[in-house]
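Here's the structure we're looking at; comments come further down.
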Amino acid sequence: MRSRVRAVILTLVGIPLISPAVLALVGLRRGSSDGLFVLAWAVLPLVAAAGAGYMSPLMAGLAITHFVGVLAGALVLRATRAWSWALVALTIVSALGILVTSQAAGGVLETLTQAINEAAGGADTPEAQQLSQAFASEVQATGYLTWVSVISAVLALLLGRWWQSLLYNPGGLQQEMHALRMPLPLAAAGMLLWVYCLVNEHFVFWGAVAAFPMMVAGICLVHWLVARKGWGRGPLIAMYITLVIAALPLAGFLCGLALIDSWIDIRARSSDNR
């Protein structure tokens with residue numbers, strides 16, 4: 001009981017990444033009962049703040065979606081011990097949560113445009129106009145928010161799983177990440193959705209959402225290869241820098257690599273050839 005109280009307090013503090021990671025740790029270690037208990041306490045102040053007018057329904061909905069997505073991923077990972085299914089579950093729950101929030105809040109485009117204008121120093125600045133063109137429709141805006149929500153939720157789940165690994169199974173997270181491989185039907189479906197969304201500018205961010213589990217699998221495969229070859233951290237640093245400055249080409253390569261791995265199982269073939 002005492003550990004549940006500590007988890008509730010840490011979650012209520014609302015520290016970005018840390019609070020949802022605490023929820024993930026509870027879900028991974030204690031299961032759905034304690035996880036839902038902590039989630040309820042985390043959501044309660046958000047609902048109260050939105051009801052009292054201190055927080056917009058959109059912001060409250062985004063925060064609630066983030067917590068629910070993290071817990072869903074943690075519970076699926078606990079039940080299946082498969083990161084592939086945990087990533088898919090987290091992505092689907094986050095996407096559904098953003099869509100529901102968008103409908104309940106009357107759309108997200110206007111709020112996102114206002115935030116862009118404030119950050120850029122006014123709607124007439126070249127930066128604001130350039131960023132506004134990237135979100136020309138409600139579909140693009142919801143896709144972008146879903147993409148950001150999925151990334152942050154996966155980071156929180158990784159942090160929670162890392163804490164659990166440090167406490168109960170040192171080195172376990174690295175082994176899980178190195179072994180991550182998407183089932184072929186999921187990999188093929190994710191690749192097809194991504195390619196379809198790329199040809200429609202309004203669905204570009206939704207394509208990134210669909211391909212995100214694949215990209216994570218590709219990154220994990222690169223980590224495994226670098227560790228197996230003993231190449232050090234240099235190639236990994238270069239990969240992450242390239243993801244920042246040239247995200248689309250490298251994301252395509254990583255997704256393609258993950259698809260090939262799902263088809264032929266690169267790790268197993270490498271072990272057979274040793």
Sub-4.5 Å side-chain heavy-atom contact between S84 and P213: no

query: Does a side-chain heavy-atom distance below 4.5 Å link L225 with W231?
result: yes

query: Please walk me through it: do L173 and Q164 pass side chain to side chain contact (heavy atoms under 4.5 Å, CB included)?
result: CA-CA 9 Å; L173 178 60; Q164 186 189 31; over 6 Å; no

Extract all donor-acceptor atom pairs below 3.5 Å that involve side chains of residues 11-28 and protein atoms in other chains or at least two apart in sequence.
residue: T11; atom: OG1; partner: A7; partner atom: O; Å: 2.7
residue: S19; atom: OG; partner: L10; partner atom: O; Å: 3.0
residue: S19; atom: OG; partner: G14; partner atom: N; Å: 3.2
residue: S19; atom: OG; partner: I15; partner atom: N; Å: 2.8
residue: S19; atom: OG; partner: I15; partner atom: O; Å: 3.3

With a 3.5 Å cut-off and sequence neighbours excluded, list the donor-acceptor pairs that the side chains of residues 35-63 form with protein atoms.
residue: S56; atom: OG; partner: M59; partner atom: N; Å: 3.2

task: Answer yes or no: is there a donor N or O on one side and an acceptor on the other, between the side chain of W194 and the main chain of V204, under 3.5 Å?
output: no

query: Which pair of non-hydrogen atoms, one from F205 and one from Q140, has the smallest distance, and what is that distance?
result: CD1-O, 3.6 Å

message: Membership question, hydrophobic clusters at under 4.5 Å side-chain separation (ILVMFWY): are L248 and I241 in the same one?
response: no

- prompt: M177, Y240: one ILVMFWY side-chain cluster at the under-4.5 Å cut-off?
  reply: yes

message: Name the residue from V150, T146, V88 that meets the side chain to side chain contact (heavy atoms under 4.5 Å, CB included) definition with F212.
response: V150

task: Just do the side chain to side chain contact (heavy atoms under 4.5 Å, CB included) check on H178 and C220 with the steps written out, would you?
output: CA-CA 5 Å; H178 284 182; C220 290; over 6 Å; no

message: If hydrophobic clusters are built by linking Ile, Leu, Val, Met, Phe, Trp and Tyr wherever their side-chain heavy atoms come under 4.5 Å apart, do I264 and F253 end up in the same one?
response: yes

- prompt: Checking side chain to side chain contact (heavy atoms under 4.5 Å, CB included) for the pair I260/W263: CA distance, chi angles, key distance, verdict?
  reply: CA-CA 5 Å; I260 294 172; W263 183 20; 5.5 Å; no

field: Validation row: L236, M239 side chains within 4.5 angstrom (heavy atoms)
entry: yes

- prompt: Salt bridge or not for R29 and D34, using N-O below 4.0 Å?
  reply: no

Can you list, pair by pair, the side-chain donor-acceptor contacts under 3.5 Å of residues 91-106, counting residues two or more places apart and other chains?
residue: T91; atom: OG1; partner: L87; partner atom: O; Å: 2.7
residue: S94; atom: OG; partner: L90; partner atom: O; Å: 2.9
residue: T101; atom: OG1; partner: G97; partner atom: O; Å: 2.8
residue: S102; atom: OG; partner: E138; partner atom: OE2; Å: 3.2

query: Does a salt bridge link R81 with E176, judged by any charged N lying under 4.0 Å from a carboxylate O?
result: no

query: Is it the case that one hydrophobic cluster holds both L186 and V195, taking links as side-chain heavy atoms less than 4.5 Å apart, direct or via other members?
result: yes

message: What verdict does the side chain to side chain contact (heavy atoms under 4.5 Å, CB included) test give for D261 and M182, after you've listed the backbone C-alpha separation in whole Å, the side-chain angles of each residue and the deciding distance to 0.1 Å?
response: CA-CA 8 Å; D261 183 42; M182 299 297 294; over 6 Å; no

